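Computed from a prediction, not measured in an experiment: that's the story for all the values here.
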Amino acid sequence: MRSHSPRFCFLTTLFTAAACSLSAEATTIGLNANQMSIATGQPSLVLMSSGSTHVPVWSLSGGTVGQSVAGVVTGLPSDCVAVKVEIVVTTTDETTSAEFQDVYRVHLSQMVDGASFTERYALGKTVRTALPAAPFHSRTIVLESFYEVVPDAPLTVRIQREPGDPGDTFTKPTGLAAVKVTPLKTLPKPHVVQDVPGYNSWPMLQAIGGKLVCVYGRGKGHTIASDDRALYARTSTDGGITWTAETVVADAKDYGEVAVGKGLDSTGAMLLWVRRIGKGEWHHDLYRSTDGITFTLIATPTLAVRPMQITDVFSVPKVGLMALWFGGDYSDKPTQSWGTVTSSDDGKTWTQTPVESGLLKPDWPTEPAAVYLGDGRILAIARTETGPAQFQIVSTDYGATWKRTQTNISDVTASTPSLVLDSKTGLLSNYYYERGRGILRRRVVDPSRVFDHPLSWPGSEAVATGSKVTYDAGNANATVIGDTHFVSFYSGKAPDTSVVVSEIAAPAAKR
């Protein structure tokens with residue numbers, strides 16, 4: 001990676017980050033290449049040079065798997081509960097281009113007195129990003145946004161490139177210049193919506209003016225068709241701090257009900273999709289409410305393809321109301337599908353349009369969330385059932401045709417997305433809950449940056465935490481009031497779980 005060509009304008013940001021402070025934040029702890037050593041394989045410590053400027057980097061191969069380097073971080077502040085880990089990388093190769101991507105992951109462990117360091121070991125998800133358009137340009141990549149720590153214990157950070165991953169398409173070496181570890185303080189505690197005994201779960205959250213309406217199911221366990229599962233609602237006018245008494249939305253005999261989608265009609269009333277299963281029947285009912293307390297059934301559409309779920313409702317000019325659906329049996333056979341339903345009469349009648357059918361499970365976008373961006377453009381993010389990353393689905397013609405690709409959003413496990421588009425800033429927030437890790441995450445982006453470049457989503461930030469029991473927590477659903485986002489999810493351990501709502505400031509325009 002050695003170069004002395006004077007025609008390159010070497011990036012000042014790289015040298016500032018890697019050779020000087022290593023951070024734009026005063027609390028960040030940095031490791032430069034000289035403070036790290038070989039952990040696995042045979043990576044090379046080389047000097048990256050341009051003119052009289054030289055920076056040591058670890059050269060990580062684009063063809064040899066199993067190369068990694070590690071360093072130890074000490075001196076975490078006493079009020080630190082977790083850390084964010086980023087790397088600064090670059091390449092000197094002339095062939096670098098945004099058409100290529102590389103993949104990295106982090107291994108984290110702590111040496112706590114009286115315990116094996118393997119007890120606090122965490123294997124980070126693979127992170128895929130596009131390369132820069134020219135040599136010597138640096139990138140800062142978030143590999144982990146919230147790893148819980150014991151503040152007075154040494155933290156071992158191991159960085160590994162993954163050229164064996166299909167997403168790593170750049171076969172040339174890259175240079176690891178620095179690692180940045182940022183201490184994080186305790187996250188705000190979510191507001192409790194409902195925590196009575198039972199499996200309180202799968203909430204839908206919608207703002208009607210300044211009122212929050214949270215609809216959730218409760219049964220005896222993680223089941224969708226059991227007769228013991230019914231649907232309830234509570235409302236809040238103080239940002240989720242206090243809630244009205246519970247009211248029943250749906251509790252049909254011999255059926256199990258689950259809320260699967262929400263939205264607003266043209267008058268500002270709340271719409272709610274409810275999946276009802278029982279007696280060999282499977283329906284989707286649409287309810288309407290103006291106050292979040294009384295819900296009226298307005299439609300039970302007959303659909304040619306039975307959806308597993310019909311998701312959140314949003315408005316599209318020239319179309320009316322739209323929602324995305326997905327159907328299938330979660331098998332390894334090509335039986336999965338997805339598409340749209342649309343209504344031109346505020347939800348009284350619906351037209352179903354399949355978009356893709358006969359999909360295998362790895363290609364199947366489930367539980368999607370969508371926003372209308374203007375000029376006929378729609379952007380949707382969908383959950384993946386097999387990995388490695390969430391799907392992005394876009395349309396430029398008001399939903400008549402669609403293009404599906406995978407994103408670089410890989411810190412997911414059966415993570416249902418929920419999108420909020422801020423009218424003031426134009427920024428898009430993607431909320432999702434990483435199951436098994438117990439982390440509610442957010443990624444914020446200008447949608448024009450990712451609409452045609454789904455691998456360009458910025459790193460995530462942790463905004464709340466919950467249960468780490470994989471399927472007893474999750475299913476984020478977001479809404480907005482003014483400059484505040486509200487995100488509901490459920491958390492606990494079967495047979496008892498709770499529904500909660502996190503209150504999060506909308507992202508600032510400077511992003």
Side-chain angles (χ1 to χ4, degrees), residues 65 101 103 105 123 125-130 162-169 202 222-225 258 260-261 273 275 277 282 284 303-312 322-341 352-370 378-396 399-419 430 432-436 450-457 470-471 474-476:
V65 298
Q101 300 88 40
V103 178
R105 76 186 329 153
L123 175 63
K125 300 290 180 68
T126 54
V127 177
R128 177 183 179 185
T129 58
E162 297 285 3
D165 188 292
D168 194 316
T169 58
W202 306 319
H222 195 106
T223 57
I224 61 174
V258 175
V260 292
W273 283 112
R275 180 180 58 197
I277 307 175
W282 187 304
H284 278 79
L303 304 173
V305 182
R306 186 179 76 183
M308 176 63 65
Q309 292 182 26
I310 304 175
T311 59
D312 288 355
M322 180 180 290
L324 301 182
W325 60 267
F326 67 99
D329 57 8
Y330 296 91
S331 73
D332 293 325
K333 299 177 181 179
T335 55
Q336 328 303 334
S337 60
W338 73 276
T340 65
V341 289
Q352 184 184 43
T353 303
V355 176
E356 290 187 290
S357 302
L359 294 174
L360 293 170
K361 190 160 58 174
D363 302 318
W364 187 32
T366 63
E367 305 192 16
I378 303 170
L379 187 151
I381 298 294
R383 165 174 154 172
T384 173
E385 296 300 325
T386 63
Q390 288 179 338
F391 291 100
Q392 179 169 297
I393 313 168
V394 298
S395 174
T396 58
T401 61
W402 298 82
K403 178 182 178 182
R404 173 177 57 85
T405 51
Q406 270 192 326
T407 67
N408 61 332
I409 304 172
S410 59
D411 48 357
V412 294
T413 300
S415 299
T416 301
S418 191
L419 304 180
N430 176 10
Y432 55 96
Y433 190 94
E434 185 182 0
R435 283 171 152 157
V450 296
F451 192 86
D452 294 315
H453 305 283
L455 298 178
S456 296
W457 279 84
T470 301
Y471 288 104
N475 288 82

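A donor-acceptor pair under 3.5 Å is absent between the side-chain atoms of Thr353 and the main chain of Thr340, judged by distance alone. Without hydrogens or angle criteria, Arg383 side chain to Glu367 main chain gives no donor-acceptor distance under 3.5 Å. Of the possible polar contacts, none joining the Trp282 side chain to the Arg275 backbone as a donor-acceptor pair under 3.5 Å is found.
Across Ile381 and Pro417, no two heavy atoms sit closer than the pair O-CG, 3.2 Å. Shortest non-hydrogen contact noted between Ala369 and Ser418 is CB-CA, 3.9 Å. A pairwise comparison of heavy atoms in Phe451 and Thr396 identifies CE2-CG2, 3.7 Å as the closest pair.
Not less than 6.0 angstrom separates the ring centroid of Trp364 from the ring centroid of Phe391.
A distance of 9.5 Å separates CG in Asp411 from CG in Asn408, rounded to the nearest 0.5 Å.
By the side chain to side chain donor-acceptor pair (under 3.5 Å) test, Lys125 is found to be paired with Thr413, Glu434, residues two or more places apart in sequence or in another chain being considered. In this structure Ser395 satisfies the side-chain contact (heavy atoms from CB on, under 4.5 Å) test together with Ile378, Asp397, Trp402, sequence neighbours excluded. In this view, Glu356 and Trp338, Arg404 satisfy the side chain to side chain donor-acceptor pair (under 3.5 Å) rule, not counting sequence neighbours.
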Discussion item. Between Gln390 and Asn430, is the side-chain hydrogen bond (donor to acceptor under 3.5 Å, both in side chains) condition met? List the steps.
Written reply: CA-CA 11 Å; Gln390 288 179 338; Asn430 176 10; 3.1 Å; yes
Practice task
Begin from the C-alpha positions of Leu379 and Val450 and carry the test side chain to side chain contact (heavy atoms under 4.5 Å, CB included) through to its verdict.
Solution key: CA-CA 9 Å; Leu379 187 151; Val450 296; 4.2 Å; yes
Exercise for the section: Carefully, step by step, assess Asp168 and Arg128 under the rule salt bridge (charged side-chain N to carboxylate O under 4.0 Å, His left out). Expected result: CA-CA 7 Å; Asp168 194 316; Arg128 177 183 179 185; over 6 Å; no
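One side chain, Thr366 or Glu385, offers a donor N or O that lies under 3.5 Å from an acceptor on the other.
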